Amino acid sequence: MFALVDGNNFYASCEQVFQPQLRKTPLVVLSNNDGCAIARCAQAKALGIRMGQPAHELKDYISRFGLKMRSANFTLYGDMSDRVVSILRTFTPRLEVYSIDESFLDLSGVSNRLELAQDIRYTVNQWTGIPCCVGIGPTKTLAKLANKWAKKHGGVIDASDRGLRAEIMAQFPVEDLWGVGRKWAAKLEGMGIETAQALVEADPALILQHFGVVMARTQKELQGKPCIALEEAEPDRKQIIVSRSFGQRIEDPGLVGEAAATFATRACEKLRQRGLVASGVWVFAQTDGFRLDLPQHYPSRAVALPQATGDTRLVLEAVRGLLRGMLRKVINCIDSK
DNA sequence: TCTGGGGTCCTAGGACCC
DNA sequence: TCTGGGGTCCTAGGACCC
């Protein structure tokens with residue numbers, strides 16, 4: 001049995017904890033470069049502000065609705081996340097930190113689950129100021145479903161109760177399921193499968209054939225058969241990426257090189273922090289995909305290092321080598337147009 | 001008409017997650 | 001003028017090997 005504890009509007013809630021004047025107004029947290037909204041408080045959501053909506057489209061909301069915008073402070077959110085997790089650990093040591101604002105708890109053997117969930121919710125909020133919701137289910141996918149439902153239905157849902165679960169699943173859109181994104185939701189709906197309940201009842205062979213093993217697993221999990229285990233230890237990263245969009249259009253390849261060197265340096269820091277070494281280096285660049293009127297380029301190059309390393313100098317050397325071939329090609333391509 | 005049959009590795013692309 | 005930054009896994013196809 002699993003519980004999923006999820007901080008509500010996590011980044012926005014973190015800002016509100018430290019800036020009480022933000023608690024009564026619509027608030028969005030912006031991405032790097034202040035480009036777009038990556039978190040919205042409840043009031044901002046109620047205004048119809050979308051996840052990922054460009055900041056420049058929100059200017060109007062400032063004067064019309066008193067919208068506040070804040071640049072993201074990921075260090076702060078990381079610290080708050082650690083505090084929440086340490087509180088959760090006082091309830092059970094069997095815990096998986098799934099993301100910065102979500103943890104799965106193993107509730108096997110717990111009989112008074114609903115009571116425990118209420119207690120967790122109350123304690124996290126009292127000690128950190130972060131509001132959260134708790135969903136309970138016999139599989140991780142069902143705990144996710146319960147958690148999503150809890151957000152609009154009282155903050156805590158125990159979907160291990162079969163009656164309640166059936167009631168929720170009959171109304172639960174497939175597009176809101178964990179493991180079903182936009183593309184697959186559209187395809188499922190095209191096949192007449194619109195709710196979690198409909199997916200549970202669909203022919204497993206058909207699901208496997210049209211969507212593959214991942215969706216087949218989701219279907220089983222929805223049936224209450226666990227396929228995804230709790231991962232208490234965080235696995236080592238297989239790749240570490242540092243990338244940024246440029247705030248404005250740039251034409252000087254030298255700037256791309258400088259940026260790549262900065263990102264590679266940062267990536268090596270992250271690598272060493274985790275006690276890892278890199279066996280290869282990958283560099284990519286992209287032209288502005290929003291400029292539909294211009295030709296697009298997505299050059300990338302990868303190279304295996306002769307010996308795995310965390311040494312910034314060696315990685316930088318590799319990056320420079322990759323960039324030489326990569327950018328020359330793009331520049332020639334642009335020049336020939 | 002019929003073209004061997006596997007295995008492994010690599011890459012690219014597509015789907016998903018937060 | 002202005003549109004994020006990370007990650008994972010799966011699949012298909014080609015190269016290469018025996």
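Quick note on labels: first sequence line is chain A, next is B, and so on, each numbered from 1. It should be emphasised that the depicted structure is a prediction, and the values quoted were computed from it without experimental measurement.
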>> Tell me the interatomic distance from A:Arg237, atom CZ, to C:dT8, atom P, rounded to whole angstroms.
In response: 6 Å
> Is A:Gly247 touching bases, backbone alone, or none of the nucleic acid, heavy atoms closer than 4.0 Å?
Replying inline: sugar-phosphate
>> Checking contacts here: which listed nucleotide (C:dT3, C:dT11, C:dG6) is nearest the side-chain heavy atoms of A:Ser243?
In response: C:dG6
> Side chains of A:Asp119 and A:Thr123: is there a donor and an acceptor less than 3.5 Å apart?
Replying inline: yes
> Looking at C:dC2, C:dG5, C:dT8, which one has an atom nearest to any side-chain atom of A:Gln248?
Replying inline: C:dC2
>> One thing to verify: whether A:Glu234 and A:Arg274 come together as a salt bridge, which I'm taking to mean a side-chain N less than 4.0 angstrom from a carboxylate O.
In response: yes
>> Please report the distance, rounded to the nearest Å, between CD1 in A:Ile228 and C1' in C:dC10.
In response: 14 Å
> OP1 or OP2 of C:dC2 sitting under 4.0 Å from any side-chain N/O of A:Arg249?
Replying inline: no
> For the pair made of CG in A:Leu177 and C1' in B:dC16, what is the distance, rounded to whole Å?
Replying inline: 13 Å
> Nearest-Å distance, CD (A:Gln273) to C1' (C:dG6)?
Replying inline: 15 Å
> Which stems, defined as runs of 3 or more consecutive Watson-Crick or G-U wobble pairs with both pairing distances under 3.5 Å, involve DNA chain C?
Replying inline: B:5-18 with C:5-18
>> Which nucleotide wins on minimum distance to the side chain of A:Val242, given the candidates B:dC17, C:dT8, C:dG6?
In response: C:dG6
>> Does this structure show an ion pair linking A:Glu96 with A:Lys140, if we count only N-O contacts that are shorter than 4.0 Å?
In response: yes
> Does CD in A:Glu317 sit with more than 12 non-hydrogen atoms of other residues, nucleotides or ligands closer than 6.0 Å?
Replying inline: no
> NZ of A:Lys140 versus P of B:dC18: gap in Å, rounded?
Replying inline: 12 Å
> A:Phe290 side chain: which of C:dT3, B:dA15, C:dG7 is closest?
Replying inline: C:dT3
> Does A:Glu251 come within less than 4.0 Å of A:Arg249, counting only side-chain N to carboxylate O?
Replying inline: yes
> Rounded to whole angstrom units, what separation is found between the CG atom of A:Asn32 and the P atom of B:dC18?
Replying inline: 20 Å
> C:dC18 and B:dT3: how far apart are their P atoms, nearest whole angstrom?
Replying inline: 24 Å
> Atom CG of A:Leu4 and atom P of B:dC18: how far apart are they, to the nearest Å?
Replying inline: 9 Å
> So, do A:Asp60 and A:Leu67 sit near enough that their side-chain heavy atoms are less than 4.5 Å apart?
Replying inline: no
>> It should be established whether A:Lys183 places a side-chain nitrogen or oxygen under 4.0 Å from OP1 or OP2 of nucleotide B:dG13.
In response: no
> Would you say B:dC17 has OP1 or OP2 under 4.0 Å from some side-chain N or O of A:Ser99?
Replying inline: no
> From the list B:dC18, C:dG4, C:dC2, which nucleotide is the closest neighbour of the side chain of A:Ser31?
Replying inline: C:dG4
> Between A:Ile241 (CD1) and C:dT8 (C1'), how many Å, whole number?
Replying inline: 11 Å
> Where the side chain of A:Ile38 is defined as all heavy atoms beyond and including C-beta, which of C:dG6, C:dG4, C:dC2 is the nearest nucleotide?
Replying inline: C:dG4
>> On a heavy-atom basis, which atom in A:Leu323 and which in A:Val283 lie closest, and how many Å separate them?
In response: CD2-CG1, 4.1 Å
>> For a quick check under 3.5 Å, do A:Thr262 and A:Arg244 share a side-chain donor-acceptor pair by atom type?
In response: no
> Just to confirm, is there a sub-4.0 Å distance from OP1 or OP2 of C:dG6 to any side-chain nitrogen or oxygen of A:Lys270?
Replying inline: yes
> When you measure from the side chain of A:Asp101, which nucleotide among C:dG4, B:dA15, B:dC18 comes out closest?
Replying inline: B:dC18
> Would you say a side-chain N or O of A:Ser245 is under 4.0 Å from OP1 or OP2 of C:dG4?
Replying inline: yes
> Phosphate oxygens OP1/OP2 of C:dC9: is one of them under 4.0 Å from a side-chain N or O of A:Lys238?
Replying inline: yes
